[in-house]
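Only one structure is covered here, and it is reproduced in the block below.
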Number of protein chains: 2
Amino acid sequence: MGKIYVIGIGPGDSDYMTRKAYDVLQDCEVVLGYKAYIDLIEELVEGKEVISRGMGQEVERCKLSIEKALQGKTVALVCSGDGGLYGMAGLLLTLLTQQRKQPEVTVEVIPGVTAAMAASSLLGAPIVEDFCTISLSDYMNAWEKIKKRLSYACLGDFVIALYNPRSKARPHYLQEALDIVMQHRSVNTPVGIVRNAYRKDQQVICTTLGELVVEQVDMFSTVIIGNSRTSMIDKWMVTDRGYAL
Amino acid sequence: MGKIYVIGIGPGDSDYMTRKAYDVLQDCEVVLGYKAYIDLIEELVEGKEVISRGMGQEVERCKLSIEKALQGKTVALVCSGDGGLYGMAGLLLTLLTQQRKQPEVTVEVIPGVTAAMAASSLLGAPIVEDFCTISLSDYMNAWEKIKKRLSYACLGDFVIALYNPRSKARPHYLQEALDIVMQHRSVNTPVGIVRNAYRKDQQVICTTLGELVVEQVDMFSTVIIGNSRTSMIDKWMVTDRGYAL
């Protein structure tokens with residue numbers, strides 16, 4: 001009987017992977033994933049059957065995992081961050097059920113450190129309390145729906161973590177998103193940009209809603225927008241939880 | 001010069017801690033934290049100076065960390081999940097800045113697997129896309145503000161992860177919260193309850209908004225409420241991201 005582990009490898013550096021993820025990667029026979037993520041864990045997968053695919057081939061990656069597991073193999077389906085958030089876990093389980101292959105294939109999801117938490121740890125403590133994640137990619141959601149979510153997130157005073165904040169195909173979305181947020185929040189609201197968290201070329205920028213330079217943001221970045229209780233204290237972006245001090 | 005690591009230990013089992021958190025715990029001299037979390041990592045902190053405090057003594061815990069670091073010690077301030085989300089990172093940085101003790105004390109936040117991700121991994125893939133966390137504890141936020149956030153989260157069609165969903169002091173909040181969500185979402189919306197994720201006595205329950213039994217939920221639980229795209233497929237709670245299959 002084959003097994004598929006959906007593994008969230010965290011931000012990138014294998015130090016920030018869970019011990020379980022690390023152990024499973026050592027023990028598995030086949031490693032499947034988006035090429036850029038496989039590259040991050042290159043030294044861990046040496047000698048294994050490694051199948052990497054490009055962006056947009058998510059369905060193929062999941063189908064291949066099932067195929068390999070049906071051959072009795074132990075498969076690691078690798079995602080960055082956490083595999084259950086903008087990752088492959090949902091798609092894999094859906095395909096597996098559609099193909100009625102469950103008795104022969106078991107699945108275990110290994111959680112990971114998602115990008116919002118990785119970025120937060122490098123900025124100080126910008127999240128602290130109730131927050132939301134919003135992906136600015138319109139690959140899966142209409143831009144109108146994304147904009148609506150941004151508005152409601154502001155009305156609810158959530159700290160907002162933007163995933164996939166800016167791609168070459170839609171470079172203007174980020175500014176549009178910031179403009180929506182500025183209808184609700186002060187231009188002085190702190191914003192943190194973390195690029196390549198815990199990877200080579202890591203960059204951490206603290207700015208504000210009004211001063212953010214969108215060109216400093218790319219698809220390897222996470223953008224964290226403070227709420228009404230967020231401020232810069234010294235070099236740190238911190239949201240106040242309200243402790244009496 | 002002393003150093004304080006704010007460590008998110010993840011859900012509980014040391015396998016689900018990051019490798020970095022594990023290494024830092026081995027290397028530090030003083031371990032500080034809420035008693036229940038220290039108990040989870042008991043075997044890792046043997047022989048160290050361990051200072052555990054009860055719930056509600058967050059300020060004291062942070063102040064003690066600073067005190068120990070000022071003595072030149074390496075301190076691990078332990079939080080469950082991630083220290084930057086409902087954890088100690090914000091409070092520590094605030095106190096440190098107020099006391100102007102930064103040059104003598106450095107701080108590093110080690111991110112962890114937050115409860116929403118841990119619960120998600122055990123339920124299948126209930127989050128998948130844009131989601132929010134809301135704590136039902138009114139210790140730091142007024143109940144009116146929490147209710148408002150619940151409404152906006154529903155209007156934005158976010159998957160919702162409820163933290164601190166039910167305590168003895170406010171056992172009725174959870175049902176009130178579900179009633180608010182049912183004004184926006186079908187009673188048949190899948191809801192997952194995960195109690196003691198990756199700990200002894202782990203319990204995973206899949207139910208619906210209309211059928212959830214609030215007595216099955218306590219402070220060691222995380223409740224994940226699906227959005228308009230969430231369904232049960234076989235035994236798994238899965239939110240559809242919209243891939244063409």
Side-chain angles (χ1 to χ4, degrees), chain A residues 8 10 14-20 22-23 58-59 82 84-86 89-91 93-95 97-98 102 109-114 117-118 120-122 124-135 140-141 145 148-149 152-153 155-158 233-234 236 238-243 245, chain B residues 8 10 14-20 22-23 58-59 82 84-86 89-91 93-95 97-98 102 109-114 117-118 120-122 124-135 140-141 145 148-149 152-153 155-158 233-234 236 238-243 245:
Chain A
S14 65
D15 276 358
Y16 292 86
M17 189 180 285
T18 64
R19 300 173 68 229
K20 178 78 177 180
Y22 190 86
D23 290 347
E58 289 79 13
V59 175
D82 181 278
L85 178 58
Y86 311 115
L91 181 57
L93 293 172
T94 305
L95 285 168
T97 312
Q98 281 187 353
Q102 293 156 70
V109 182
I110 314 288
V113 173
T114 187
M117 299 301 130
S120 162
S121 70
L122 293 166
I127 296 183
V128 171
E129 59 141 7
D130 304 345
F131 90 111
C132 68
T133 68
I134 297 178
S135 166
M140 287 300 169
N141 272 318
K145 181 168 186 178
K148 203 175 110 178
R149 278 189 169 151
Y152 287 124
L155 288 166
D157 198 28
F158 289 95
I233 54 171
D234 194 57
W236 292 303
V238 176
T239 296
D240 179 22
R241 198 163 178 208
Y243 289 100
L245 300 180
Chain B
S14 65
D15 276 357
Y16 292 86
M17 190 180 286
T18 64
R19 299 173 70 228
K20 178 78 177 179
Y22 191 86
D23 290 347
E58 289 78 15
V59 175
D82 180 278
L85 178 57
Y86 311 116
L91 180 57
L93 293 173
T94 305
L95 285 169
T97 311
Q98 282 187 353
Q102 294 155 71
V109 182
I110 314 288
V113 172
T114 186
M117 300 299 130
S120 162
S121 71
L122 293 166
I127 297 182
V128 171
E129 58 141 6
D130 303 345
F131 90 110
C132 67
T133 69
I134 297 178
S135 166
M140 288 299 168
N141 272 319
K145 180 168 185 179
K148 203 175 110 177
R149 278 189 169 151
Y152 287 123
L155 288 166
D157 198 30
F158 289 94
I233 54 172
D234 195 58
W236 291 304
V238 176
T239 297
D240 180 22
R241 199 163 176 210
Y243 288 100
L245 300 181

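Below, read A as the first sequence line, B as the second, and so on, with proteins coming before strands; counting in each chain starts at 1.
- The structure places OG1 of T133(A) at 8.5 Å from CZ of R149(A), a figure rounded to the nearest 0.5 Å.
- At a threshold of 4.5 Å between non-hydrogen side-chain atoms, the residues D130(B) and D157(B) do not count as touching.
- Your options are M140(A), K145(A), K20(A), E58(A), and the one with the most heavy-atom pairs under 4.5 Å with chain B is M140(A).
- When heavy atoms are compared at a cutoff of 4.5 Å, L245(A) approaches chain B solely by way of its side chain, counted from C-beta outward.
- Both the backbone and the side chain of S135(B) come within less than 4.5 Å of a heavy atom in chain A.
- In this view, F158(B) satisfies the ring-ring contact (aromatic ring centres under 6.0 Å, His included) rule with no residue, not counting sequence neighbours.
- By number of non-hydrogen pairs under 4.5 angstrom with chain B, the leading residue of I110(A), V59(A), V109(A) is V109(A).
- Side-chain contact between T94(A) and D240(B) is absent, with no heavy atoms from C-beta onward closer than 4.5 Å.
- Of the listed residues (A153(A), G112(A), A118(A)), the one with the most heavy-atom contacts under 4.5 Å to chain B is G112(A).
- For chain A, the option among G242(B), A125(B), P126(B), G156(B) with the highest count of heavy-atom pairs below 4.5 Å is G156(B).
- Proximity to chain A (any heavy atom under 4.5 Å) is restricted, for Y22(B), to the side chain, taken from C-beta onward.
- Interface remark: of the candidates L155(A), D234(A), L122(A), L155(A) forms the most heavy-atom pairs closer than 4.5 Å to chain B.
- Interface residue L95(B): only side-chain heavy atoms are found under 4.5 Å from chain A.
- Contacts of Y86(A) with chain B are made by both backbone and side-chain atoms, with heavy-atom separations under 4.5 Å.
- Top candidate by heavy-atom pairs under 4.5 Å with chain A, chosen from S14(B), G8(B), G10(B), S120(B), is S14(B).
- Closest of all the heavy-atom pairs between C132(B) and C132(A) is CB-CB, 3.6 Å.
- Contact annotation for V238(B): only side-chain heavy atoms (C-beta onward) come within less than 4.5 Å of a heavy atom of chain A.
- Atom OH of Y243(B) is separated from atom CG of L91(A) by 5.5 Å, given to the nearest 0.5 angstrom.
- Heavy-atom pairs under 4.5 Å with chain B peak, among E129(A), R19(A), R241(A), at R19(A).
- Here the side chains of I127(B) and M117(B) are in contact, with some heavy-atom distance below 4.5 Å.
- Considering every non-hydrogen atom in both A89(A) and G84(A), the closest pair reads CB-CA, 4.2 Å.
- Both the backbone and the side chain of L85(B) come within contact range of chain A, judged by heavy atoms closer than 4.5 Å.
- Taking the side chain as every heavy atom from C-beta outward, Y16(B) and V113(B) never approach each other to under 4.5 Å.
- The most heavy-atom pairs under 4.5 Å with chain B, out of T239(A), T114(A), T97(A), come from T97(A).
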